[in-house]
Amino acid sequence: EPEVTQTPSHQVTQMGQEVILRCVPISNHLYFYWYRQILGQKVEFLVSFYNNEISEKSEIFDDQFSVERPDGSNFTLKIRSTKLEDSAMYFCASNSGGPYNEQFFGPGTRLTVL
Amino acid sequence: GENVEQHPSTLSVQEGDSAVIKCTYSDSASNYFPWYKQELGKRPQLIIDIRSNVGEKKDQRIAVTLNKTAKHFSLHITETQPEDSAVYFCAASDSGGSYIPTFGRGTSLIVHP
């Protein structure tokens, strides 16, 4: 069964550094998402991406964040200057864009900002 | 925007008992309500969903009910087993909108053997 994949599984970085989190969505899916989950808390929406552009973003997704689909398969989240409070699990998800949409989540990248 | 409230935050039951998790939503345009199970350190995975044109849906030991008038929906797990222990998230989304689910805060279900 196709799955969303993410790399790396764990990223440790120093405050102020840039990080890029990578995702490969399911190949025939049309909508792509990034979510954040701070330890012990709920899943929070960051951004959705459709037709090579951002379709929606939350208030969390400020100017420090950006997303790209650099080729036909990868979907990346960049954080330009990481802060301590960016430490969280970041999940990529995709769906086919059908009217009743199951979100297929990747395994997540645990980001630790020191 | 949509707001989803979920209760309880923690639920502890004995193996074989039933467990019920309740959610409310605020946006009457929401018409798709998935439930996700997240085991410790793992990704959220869809376990069951319900659409607004249906009041109840069952899949083996798991059932969901939806009351559109009251804007609440519930997850029912019968004959709980230790492997049901996980965090369960409800969500609501508008299929005519941006396909973005708003998640509840999660319920940590602990099933004691």
Side-chain angles (χ1 to χ4, degrees), chain A residues 1-7 9-10 21 23-26 29-51 53-61 67 88-110, chain B residues 1-10 21 23-25 27 29-54 57 59 64 66 73 86-108 110:
Chain A
E1 186 175 338
E3 285 189 334
V4 177
T5 59
Q6 288 184 244
T7 54
S9 57
H10 192 188
L21 310 183
C23 169
V24 178
I26 294 173
H29 283 187
L30 302 175
Y31 288 79
F32 315 118
Y33 308 82
W34 283 101
Y35 293 88
R36 179 182 81 176
Q37 187 178 34
I38 295 170
L39 188 63
Q41 298 188 24
K42 70 172 176 177
V43 175
E44 297 176 290
F45 167 73
L46 294 178
V47 65
S48 61
F49 193 86
Y50 170 71
N51 201 24
E53 61 183 20
I54 291 174
S55 50
E56 277 197 49
K57 58 184 180 179
S58 72
E59 61 275 9
I60 302 169
F61 193 88
V67 289
M89 181 73 92
Y90 288 81
F91 290 104
C92 173
S94 69
N95 71 32
S96 60
Y100 297 99
N101 47 299
E102 177 179 353
Q103 300 263 325
F104 289 84
F105 284 82
T109 293
R110 179 163 298 287
Chain B
E2 175 66 276
N3 182 48
V4 176
E5 299 287 339
Q6 182 172 349
H7 300 280
S9 56
T10 306
I21 302 170
C23 290
T24 61
Y25 62 100
D27 188 349
S30 289
N31 56 9
Y32 176 66
F33 307 92
W35 286 87
Y36 289 86
K37 177 183 180 182
Q38 186 179 28
E39 297 176 3
L40 190 63
K42 301 277 184 71
R43 73 187 83 189
Q45 291 195 296
L46 181 75
I47 53 169
I48 196 167
D49 56 15
I50 191 167
R51 305 172 188 180
S52 61
N53 59 346
V54 175
K57 182 176 177 180
D59 183 3
V64 289
L66 171 65
F73 56 114
V87 178
Y88 291 80
F89 292 96
C90 63
S93 68
D94 171 12
S95 67
S98 55
Y99 308 136
I100 297 169
T102 300
F103 287 86
R105 291 195 170 272
T107 296
S108 177
I110 303 163

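Labels below follow one simple rule: chain letters A, B, ... track the order of the sequence lines, proteins then strands, and each chain is numbered from 1.
Proximity to chain A involves both the backbone and the side chain of B:Pro44, based on heavy atoms less than 4.5 angstrom apart. Only the side chain of A:Tyr35 comes within less than 4.5 Å of a heavy atom of chain B; its backbone N, CA, C and O stay farther away. Heavy atoms of A:Gln6 lying under 4.5 Å from chain B are absent altogether.
A:Val43 and B:Phe89 make their closest contact through N-CE2, 4.2 Å (heavy atoms, listed as atom of the first residue, atom of the second, distance). For the residue pair B:Arg43 and A:Gly106, the shortest heavy atom distance occurs at CB-O, 3.1 Å. In terms of heavy-atom proximity, A:Glu102 sits nearest to B:Leu46 at CD-CD2, 3.1 Å. Minimum heavy-atom separation, B:Gly104 to A:Lys42: O-CB, 3.3 Å.
Under the salt bridge (Lys or Arg N to Asp or Glu O under 4.0 Å) criterion, A:Glu44 pairs with A:Arg36, not counting sequence neighbours. Checked against ring-ring contact (aromatic ring centres under 6.0 Å, His included), A:Tyr90 has no partners two or more places apart in sequence or in another chain.
Checked against B:Tyr36 for a ring-ring contact (aromatic ring centres under 6.0 Å, His included), the options A:Phe104, A:Phe105, A:Phe91 give a single hit: A:Phe105.
You'll find the side chain of B:Pro101 reaches within 4.5 Å of the side chain of A:Gln103, heavy atoms only.
For the set B:Gln45, B:Gln38, B:Lys42, the entry with the most heavy-atom pairs within less than 4.5 Å of chain A is B:Gln38.
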